[in-house]
Amino acid sequence: MAPANGNAPTGKKDYVRKKIWRPKTKTGCITCRIRRVKCDEVKPYCQRCTSTGRKCDGYTTAAPSTHTYQMVYSRSPLSFAKTGLDLNTTEEQEAFHFFKQHSASELSGFFDAVFWQSEILQASHSCPSIRYAVIALAALHRKFIVGRMPVVAEDTSDKQLRFALLQSNRAIQEILRSPVRKSISDKITIMASCVLFNCLASMQGHQNMALEHLRSGLKILREVDQELASGEGDDPSDHPISLSTLRTIFLYMSVQARGVMSNEMMKKWGPKPVRRPTIPPTTFKTFLQARLFFEAILNALYAFFQDLDADPPANDEETQASVRQYESLQDQFEEGSTRLAHFLSQLCHTNEEDREAVIGIRLIHLQIRFHLRACEGFNAECGVIGMNLHVDEHDLAEILDLVGQLLKAPANLTLSPGAVPQDYYPAPGDERNNSGTEGPTYSRPVFSSNSGLLSGLWLVACMAIDPAQRRRSIAMLLNYPRREGVWDSVLAGRIAWEQMVLEEAAALGEYEEDVKPFEEEKKSIHISEKHKIRAIDIRYTDTRVATIKFQTLDEYKAGDAGRVTQIAW
């Protein structure tokens, strides 16, 4: 039979080019080694990464000793016998090592986090479900950071993704094998697993699934509180993960989730977890102590606003109770601010890590101050919180500057003229609608449990009067893809862009259904209170597909539908 190309056989064997074998290098940068490409090993950051817009994660500080190498990569489980870890394969060992060296610190944000860097690792030794979930999260995180989106693409043929899903299923099977009547210690294990499952789903962009994992954890937390209150529960202090740590995480995650769900879903969500009073310490002695205090105030403030929106006061007595709660938050903030100023004044010769911690604390502090200044209380007439849209924008400008420092964003970063939201991370259905302009150069995706960056950028993008500030904040959301739990910078940036264009078009008498490309001449437009979007309702209708409803204050009061758009990413 003649060859398919029609050429006559030559009688010679077909030449097959063979790949030249070379020993694998172990000295490249972390990013290239994860991507399994040859690194040029330029210090401090390799050109292979920086030339393509990726963030180079640098190099390990020293070559591992033979003993360390065996502990991390040996196929034999015997090397883990002393630690109590049952890691039988190279893939499991590498994933767990990656979690300790990289995932734990990134999930912690700009601060030391007891849960991620200590408690969860200790629990992995005695709780198989947590160990498998940690391995799954590490495997997915390795896949996540070499991509270009703040979600892991759906690809069932990908070996690393399949491994992560397998480990996740093993974690679920371990939970199902636990006793029917679970002790508080068992429930702490399940709650910690719910946090890990929430991160796994968030990293894949499965918002509804992530919310369900959170809902399950919150339900178990309520059960534990009831058992402890009745005196029937066992002592949870023996578990490697403290109940107080989990409570703090769930309080934050609950507030975070309520900020990205529809009002209808929020009403069905269930009661909030019990919140312990926030008592300011006599003095702040560590960055972590200061951060936790102001983070608690910010979360309480968000919860306060969410409660007023979802369940407004029905009478004067309830209104006065809301006023007292608001004033209490003000008092706590002022008292904490005095002590923060004293703490920061005592610092000297801070290193880069300390400097970022200070910026992170100031970032949270400024967001609290802005919300307290902008809030005018509950408006009983229209059923919404009154917001002063003409507050001093100095705080917003400072928030934007601090985020820019942490991200190391260029000073001239903004949205490109002629660009449309679909130019950024287009879904397959969006590609035909983009502007055709040259796409941006993205930073590598970051996954963090909480850092305050996204909430700060979202605040500027939605509330700033200065068009330049809004465009810069949206550009940061899109050019520096990151996830903080269920908060997605790409989705937030796309929604903020839609909101901005709707407001600008309304101010010019051009209220359009479709988002138009950004035009230079609109930079100086002034958005009046009448044209500001007051309510944004998000419904997740499919995987990475959301239907967004925008309403001005007048539309919200009248019950009008407002403007509805669908965003896929």
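For this chain, numbers begin at 1 and follow the sequence in order. Here the structure is a predicted model, which is why all the values come from computation and not from measurement.
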Between Arg470 and Glu504, does a salt bridge (Lys or Arg N to Asp or Glu O under 4.0 Å) hold up when you go through it step by step?
-> CA-CA 12 Å; Arg470 298 186 76 177; Glu504 292 182 351; 5.4 Å; no

Report the C-alpha distance between Leu491 and Ile567 in whole Å, list the side-chain angles of each, state the deciding distance to 0.1 Å, and finish with yes or no for side chain to side chain contact (heavy atoms under 4.5 Å, CB included).
-> CA-CA 8 Å; Leu491 180 58; Ile567 296 179; 4.1 Å; yes

Carefully, step by step, assess Arg483 and Val151 under the rule side chain to side chain contact (heavy atoms under 4.5 Å, CB included).
-> CA-CA 8 Å; Arg483 290 195 71 93; Val151 289; 3.6 Å; yes

Residues Val224, Met191; criterion side chain to side chain contact (heavy atoms under 4.5 Å, CB included); working and verdict | CA-CA 10 Å; Val224 169; Met191 283 190 287; 4.1 Å; yes

Between Cys127 and His239, is a side chain to side chain contact (heavy atoms under 4.5 Å, CB included) present by the stated rule, with each step listed?
-> CA-CA 10 Å; Cys127 307; His239 200 285; 4.0 Å; yes

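Note: Leu251 CG to Leu218 CG = 8.5 Å, rounded to the nearest 0.5 Å. Here the SG atom belonging to Cys194 is positioned 12.0 Å from the CD1 atom belonging to Ile249, to the nearest 0.5 angstrom. If you take CD1 on Ile368 and CD on Glu295, they are separated by 9.5 Å, rounding to the nearest 0.5 Å. For the atom pair CG of Leu478 and OG of Ser473, the computed distance is 9.5 Å after rounding to the nearest 0.5 Å. Phe115 contributes atom CZ, which lies 9.5 Å from atom OG of Ser242 (distance to the nearest 0.5 angstrom). Atom CG of Leu406 sits about 9.5 Å away from atom CG of Asp401, to the nearest 0.5 Å.
Across all their heavy atoms, Asn299 and Val255 have their closest contact at O-CG2, 3.6 Å. Contact record, Asn315 with Glu318: OD1-N, 2.8 Å, taken as the closest heavy-atom pair. Summarising the geometry of Ala496 relative to Ala461, their closest heavy-atom pair is CB-CB, 3.7 Å, with the distance given to 0.1 Å. Residues Asn198 and Leu211 approach most closely at ND2-N, 4.5 Å, considering heavy atoms. When every heavy atom of Ala464 is checked against every heavy atom of Lys532, the shortest pair comes out as O-NZ, 4.3 Å. Summarising the geometry of Ile175 relative to Ser129, their closest heavy-atom pair is CG1-CB, 3.8 Å, with the distance given to 0.1 Å.
Counting only heavy atoms from C-beta outward, the side chains of Gln204 and Thr543 never approach each other to under 4.5 Å. Put simply, the side chain of Val486 does not reach to within 4.5 Å of the side chain of Leu214, judged on heavy atoms. Within the 4.5 Å cutoff, no side-chain heavy atoms of Val446 are placed close to those of Leu453. With a 4.5 Å cut-off on side-chain heavy atoms, Met463 and Phe370 count as touching. The shortest side-chain heavy-atom distance between Gln551 and Arg534 does not fall under the 4.5 Å cut-off. Annotation: side chain of Arg482 is not in contact with side chain of Trp487 (no heavy-atom distance under 4.5 Å). Taking the side chain as every heavy atom from C-beta outward, Tyr480 and Leu457 never approach each other to under 4.5 Å. Taking the side chain as every heavy atom from C-beta outward, Ile130 and Ile241 approach each other to under 4.5 Å.
Trp497 places no side-chain N or O within 3.5 Å of a backbone atom of Ile474 that could act as its donor or acceptor partner. The backbone N or O of Tyr540 lies less than 3.5 Å from a partner atom in the side chain of Asn208, making a donor-acceptor pair. Under a 3.5 Å cut-off, the side chain of Thr565 and the backbone N or O of Ile548 do not form any donor-acceptor pair. Panel note: side chain Gln256, backbone Glu484; a donor-acceptor pair is recorded below 3.5 Å. With Lys549 contributing its side chain and Ala535 its backbone, the two residues share no donor-acceptor pair below 3.5 Å. Side chain of Tyr326 to backbone of Leu372: a donor-acceptor contact under 3.5 angstrom is found. In terms of modelled atom types and a separation under 3.5 Å, the side chain of Gln367 and the main chain of Leu363 share a donor-acceptor contact. Between the side chain of Gln566 and the main chain of Val545, no donor-acceptor pair closer than 3.5 Å is present. Between the Glu393 side chain and the Asp466 main chain, a donor and an acceptor come within less than 3.5 Å of each other. Judged by distance alone, the side chain of Glu106 and the main-chain N or O of Phe447 form a donor-acceptor pair under 3.5 Å.
No side-chain N or O of Tyr302 forms a donor-acceptor pair with one of Gln306 less than 3.5 Å apart. No hydrogens or angles considered: nothing links the side chains of Glu334 and Gln330 as a donor-acceptor pair under 3.5 Å. No side-chain donor from either of His342 and Thr283 sits under 3.5 Å from a side-chain acceptor of the other. For the residue pair Ser328/Gln332, the side-chain donor-acceptor check at 3.5 Å is satisfied. With 3.5 Å as the limit, one finds no donor-acceptor pair spanning the side chains of Asp186 and Thr189.
The one candidate from Ser105, Ser108, Ser103 that meets the side chain to side chain contact (heavy atoms under 4.5 Å, CB included) condition with Trp116 is Ser108.
Salt-bridge check for Lys182 with Glu223: failed, with every basic side-chain N at 4.0 Å or more from each acidic carboxylate O. The pair Arg339-Glu335 meets the salt-bridge criterion, with a side-chain N (NZ, NE, NH1 or NH2) lying under 4.0 Å from an Asp/Glu carboxylate O. Using a cutoff of 4.0 Å between basic side-chain nitrogens and carboxylate oxygens, Glu327 and Arg324 are not scored as salt-bridged. Taking the charged nitrogens against the carboxylate oxygens, Arg563 and Glu498 have no contact shorter than 4.0 Å, which rules out a salt bridge.
Taking the six-membered ring where tryptophan is involved, the planes of Phe293 and Phe284 are tilted, since the angle between them lies from 30° to 60°. The aromatic rings of His213 and Phe197 are tilted relative to each other, their planes meeting at an angle between 30° and 60°.
Residue Asp316 places its CG atom among 12 or fewer non-hydrogen atoms of other residues, nucleotides or ligands, all under 6.0 Å distant. Residue Met265 qualifies as enclosed at atom CE: its count of foreign heavy atoms under 6.0 Å is above 12. Counting heavy atoms of neighbouring residues, nucleotides and ligands inside a 6.0 Å radius, atom CD of Glu317 does not exceed 12 of them.
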